[in-house]
Structures are given as structure tokens and as C-alpha cells.
Amino acid sequence: MAALEGIGLPLLLLAFLYLLLIRPQQRRRREQQRLLSSLAVGDLIVTIGGLHGEVVALDAEAVDLGITYDEDDAPDVVVRFERSAVARRLEPAAGDAASDDGAGDEGARA
């Protein structure tokens with residue numbers, strides 16, 4: 001009985017750590033995998049470095065982002081990133097505030 005009481009506190013601590021640290025991290029990892037697998041051409045995304053752009057091409061390992069556009073609405077500058085560098089997908093909005101900061105022309109395309 002005494003051995004059972006001595007092991008109870010460490011087990012309670014492990015359960016607490018699992019609920020607060022491990023489980024949320026697993027959930028974030030699953031959500032990131034879903035995001036990466038659901039990317040499509042035309043999606044507006046942000047990379048982990050903060051670069052905003054539109055997906056212009058995809059393959060199994062990389063994403064090509066158009067970050068500036070010419071007057072014919074064709075990508076003028078295209079950069080290639082690993083899929084794992086994608087942080088999040090942006091939802092296009094009618095009054096996109098990102099175009100007001102001079103960060104790029106993708107706000108006008110949304």
C-alpha cells in the first residue's frame with residue numbers, strides 16, 4: 001500500500017504534463033499536416049519567415065509563391081519554399097489591410 005502511495009504523485013505529475021504539453025503539441029502537428037496537404041494553387045499563405053504570397057505551383061516537397069505581379073496579373077517574382085515553411089493560410093478579405101503596409105501586391109489580388 002505504501003509503494004502505491006509513493007508512485008501516485010509521479011503518475012499524477014506525468015498525467016498533468018501529458019495533458020498540458022504533449023497532447024496540444026500533437027494536435028498542432030496534425031493541424032499543420034492537414035494544412036500542408038490541403039494547399040492548392042491560388043491560396044494566399046504566410047511562411048514561417050513572414051513572407052506573404054500566393055501559391056502558383058506545388059509539388060510533393062515544395063511550394064512556389066508569387067510575391068509580386070506585373071500589369072498582366074502574372075507572377076513577376078516567384079520564390080520556392082519547402083512545404084514545411086508554410087505557417088498558415090490567409091483568408092481573402094474585401095478590405096485587405098496587408099496591401100496598405102506596402103508589403104506586396106498580393107493584397108490587390110484577394
Side-chain angles (χ1 to χ4, degrees):
M1 186 81 160
L4 196 57
E5 291 173 1
I7 205 167
L9 184 61
L11 286 177
L12 184 64
L13 189 59
L14 283 175
F16 184 71
L17 287 175
Y18 175 77
L19 290 175
L20 287 181
L21 298 174
I22 297 169
R23 189 173 165 124
Q25 180 63 29
Q26 289 174 339
R27 185 177 303 128
R28 281 191 294 271
R29 188 177 311 127
R30 279 193 305 269
E31 289 172 4
Q32 183 69 12
Q33 287 300 323
R34 265 189 246 125
L35 168 69
L36 295 179
S37 65
S38 70
L39 286 177
V41 173
D43 285 347
L44 298 175
I45 63 167
V46 179
T47 67
I48 57 175
L51 184 71
H52 292 234
E54 179 181 358
V55 176
V56 294
L58 292 164
D59 64 27
E61 299 171 358
V63 176
D64 292 342
L65 295 181
I67 54 174
T68 63
Y69 291 84
D70 60 15
E71 58 276 348
D72 297 327
D73 207 29
D76 194 25
V77 175
V78 176
V79 292
R80 189 168 182 86
F81 285 93
E82 292 291 318
R83 276 188 181 243
S84 61
V86 175
R88 61 188 169 100
R89 179 182 295 136
L90 295 176
E91 298 299 325
D96 191 14
S99 63
D100 295 337
D101 65 1
D105 295 336
E106 74 276 358
R109 297 179 49 80

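Predicted, not measured: the structure shown is a model, and the values here were computed from it.
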Q) Which pair of non-hydrogen atoms, one from Gly66 and one from Pro75, has the smallest distance, and what is that distance? A) CA-CB, 4.3 Å
Q.
Is there a path of hydrophobic side-chain contacts, each under 4.5 Å between heavy atoms of I/L/V/M/F/W/Y residues, joining Leu44 to Ile48?
A. no
**Q.** Heavy atoms from other residues, nucleotides or ligands near CZ of Arg89 exceed 12 (cutoff 6.0 Å)
**A.** yes
Q) Which atoms form the tightest heavy-atom contact between Pro24 and Leu19, and what is the distance? A) CD-O, 3.5 Å
Q: Please tell me if the side chains of Phe81 and Leu51 come closer than 4.5 Å, counting only heavy atoms from C-beta onward.
A: yes
**Q.** Flag side-chain contact, heavy atom, 4.5 Å: Leu58 against Leu39
**A.** yes
Q: Answer yes or no: is there a side-chain heavy-atom contact under 4.5 Å between Leu11 and Leu9?
A: no
Q: Determine the minimum heavy-atom distance between Asp43 and Ala40, stating which atoms define it.
A: OD2-N, 2.9 Å
Q.
Does any part of the side chain of Ile45, heavy atoms only, come nearer than 4.5 Å to the side chain of Leu35, both counted from C-beta?
A. no
Q. Any idea which heavy atoms bring Asp76 and Asp70 closest together, and the distance?
A. CB-N, 4.0 Å
Q | Ion pair Arg80/Asp59, N-O distance below 4.0 Å | A | yes
Q) Got Leu17 and Ile22 here, is their nearest side-chain heavy-atom distance under 4.5 Å? A) no
Q) Using a distance-only test with no angle check, is there a side-chain donor-acceptor pair under 3.5 angstrom linking Gln25 and Arg28? A) yes
Q.
Could you tell me if the side chain of His52 sits less than 4.5 Å from the side chain of Leu90, heavy atoms only?
A. yes
**Q.** Within one Ile-Leu-Val-Met-Phe-Trp-Tyr cluster: Val79 and Val63, side-chain cutoff 4.5 Å
**A.** yes
Q: Return the minimal non-hydrogen interatomic distance between Glu82 and Glu61, and the atom names on each side.
A: OE1-O, 3.2 Å
Q | Step-by-step side chain to side chain donor-acceptor pair (under 3.5 Å) determination, Ser37 to Arg83 | A | CA-CA 9 Å; Ser37 65; Arg83 276 188 181 243; over 6 Å; no
